[in-house]
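Please read the structure below before turning to the comments.
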Amino acid sequence: MHIVMAGASGLIGTSMSAAFRAAGHSVVTLVRRPPARADEVRWDPVAGVLEPSALAGADAVVNLSGAGIGDRPWTRGRVEELFSSRLGPTRTLVHAMAQMDAPPASFISQSASGYYGDAGNTVLREDAPAGSGTLAQICVEWEQAALAAPASVRVVLPRTGVVFSRSGGALGKLLPLLRLGVGGPFGNGRQFWPWVTLADVSAAFLFLLDSPVSGPVNVTAPEQADVNTIVAALAHALHRPAVLRVPAPVLRTVMPGLGEELLLYSQRMEPAVLASAGFQWQHGSLEDAARWVAAKDGSA
């Protein structure tokens, strides 16, 4: 396939574009600077500028655009950026598709587990309603923007969970502490984190390129686990203790808004659509995932 990617420079995008190319697909990435290679095309999503010709001949458009959720404190300006950095690029891509006589067949536009808000122990399949909170509102508007694509375009909305990688991402700050033996759970640890490894995120998107699936797709591992269980599994794989719990009031004080929604909200997601479509996880169990994360040599 010929694939056009937006937001390919981040942790997930870098892994995904490599996986696409390894599978034999050609990938063109949209960049905001002058192109440095033949497989780059410049656009300006802030101004809503993208020449429809950039999408000509594409079989699929993959949209991963968005400022990092946990990178900075949630000031009013930062929250506005979290919205605009997702809605602007998505609307720009949709507008360009709408101007084409033959738009790409598929549009895979990232969403996130934050769509469900804080759902406690309720099992969340793709037909579960949206929750409340900043992240839920971002995801609702993000998905609505993608669904405005032309009727002929198959729109897929991957609601990706907490991505485990060996560096950076959701575990970027926790892993170094666990390696030192000074990490631990957040809050009471009974909140569910819908985890998935970086390798399986890329594999899932690759699977969705060829699948007839459309609409929301929970991109998480099939094994559900709460934070206590996740931290214990990671610590065990690292051969370290994990006893220093971070109390919820401290998180709320140090990371207002962000700490609550990102670390304390509970989302017990089930990847029902992926499972029924026949997707095979590389790291379907938490034990396998923790061993893969902990492996510095990449052999696990």
Side-chain angles (χ1 to χ4, degrees), residues 1-45 48-66 85-86 88-111 142 145-158 160 163 165 168-169 196-215 217 219 274 277-282 298:
M1 290 186 183
H2 176 53
I3 302 164
V4 175
M5 287 188 69
S9 62
L11 177 73
I12 294 176
T14 300
S15 170
M16 197 174 296
S17 58
F20 288 168
R21 290 186 173 106
H25 302 307
S26 66
V27 180
V28 167
T29 58
L30 300 179
V31 296
R32 304 185 191 205
R33 50 168 172 75
R37 303 193 309 264
D39 60 359
E40 294 181 342
V41 173
R42 191 172 190 176
W43 72 327
D44 186 351
V49 176
L50 172 64
E51 291 297 326
S53 59
L55 306 182
D59 299 292
V61 175
V62 176
N63 176 28
L64 304 174
S65 298
S85 64
R86 287 162 174 76
T90 305
R91 289 167 178 162
T92 300
L93 290 166
V94 165
H95 180 67
M97 285 186 242
Q99 298 179 70
M100 301 175 69
D101 293 330
S106 301
F107 182 33
I108 304 180
S109 187
Q110 181 73 286
S111 185
W142 200 4
L147 289 169
S152 64
V153 178
R154 177 179 66 100
V155 179
V156 186
L157 305 167
T160 304
V163 179
S165 70
V196 62
T197 64
L198 180 61
D200 274 334
V201 172
S202 296
F205 274 66
L206 193 57
F207 177 85
L208 290 169
L209 284 174
D210 281 321
S211 168
V213 166
S214 64
V217 178
V219 179
L274 278 178
F279 178 69
Q280 299 293 316
W281 282 263
Q282 297 175 51

Please find the pair of heavy atoms, one from [X] and one from [Y], that lie closest to each other, and give the distance.
{"X": "Ser17", "Y": "Thr14", "value": "OG-O, 3.2 Å"}
{"X": "His2", "Y": "Ser26", "value": "ND1-OG, 3.0 Å"}
{"X": "Ala60", "Y": "Leu209", "value": "CB-CD2, 3.6 Å"}
{"X": "Leu274", "Y": "Ala204", "value": "CD1-CB, 4.2 Å"}

Does atom NE2 of His95 have more than 12 heavy-atom neighbours, drawn from other residues, nucleotides or ligands, at distances under 6.0 Å?
no

Dump the intermediate steps for side chain to side chain contact (heavy atoms under 4.5 Å, CB included) on Phe205 and Leu64, then the final yes or no.
CA-CA 11 Å; Phe205 274 66; Leu64 304 174; 3.9 Å; yes

Separation between [atom1] of [X] and [atom2] of [Y], rounded to the nearest 0.5 Å:
{"X": "Glu40", "Y": "Leu30", "atom1": "CD", "atom2": "CG", "value": "10.0 Å"}
{"X": "Arg42", "Y": "Arg32", "atom1": "CZ", "atom2": "CZ", "value": "11.5 Å"}
{"X": "Ser214", "Y": "Leu208", "atom1": "OG", "atom2": "CG", "value": "10.5 Å"}
{"X": "Ser211", "Y": "Arg154", "atom1": "OG", "atom2": "CZ", "value": "6.0 Å"}
{"X": "Asp200", "Y": "Gln280", "atom1": "CG", "atom2": "CD", "value": "10.5 Å"}

Arg21 vs Asp39, test: side chain to side chain contact (heavy atoms under 4.5 Å, CB included). Steps then yes/no.
CA-CA 12 Å; Arg21 290 186 173 106; Asp39 60 359; 3.1 Å; yes

Residues Leu147, Leu157; criterion side chain to side chain contact (heavy atoms under 4.5 Å, CB included); working and verdict:
CA-CA 9 Å; Leu147 289 169; Leu157 305 167; 4.1 Å; yes

Side chains of [X] and [Y]: closer than 4.5 Å at any heavy-atom pair?
{"X": "Thr197", "Y": "Trp281", "answer": "no"}
{"X": "Met16", "Y": "Val27", "answer": "no"}
{"X": "Leu11", "Y": "Ser165", "answer": "yes"}

If you apply the rule side chain to side chain contact (heavy atoms under 4.5 Å, CB included), what do you find for Phe207 with Val219, and how did you get there?
CA-CA 11 Å; Phe207 177 85; Val219 179; over 6 Å; no

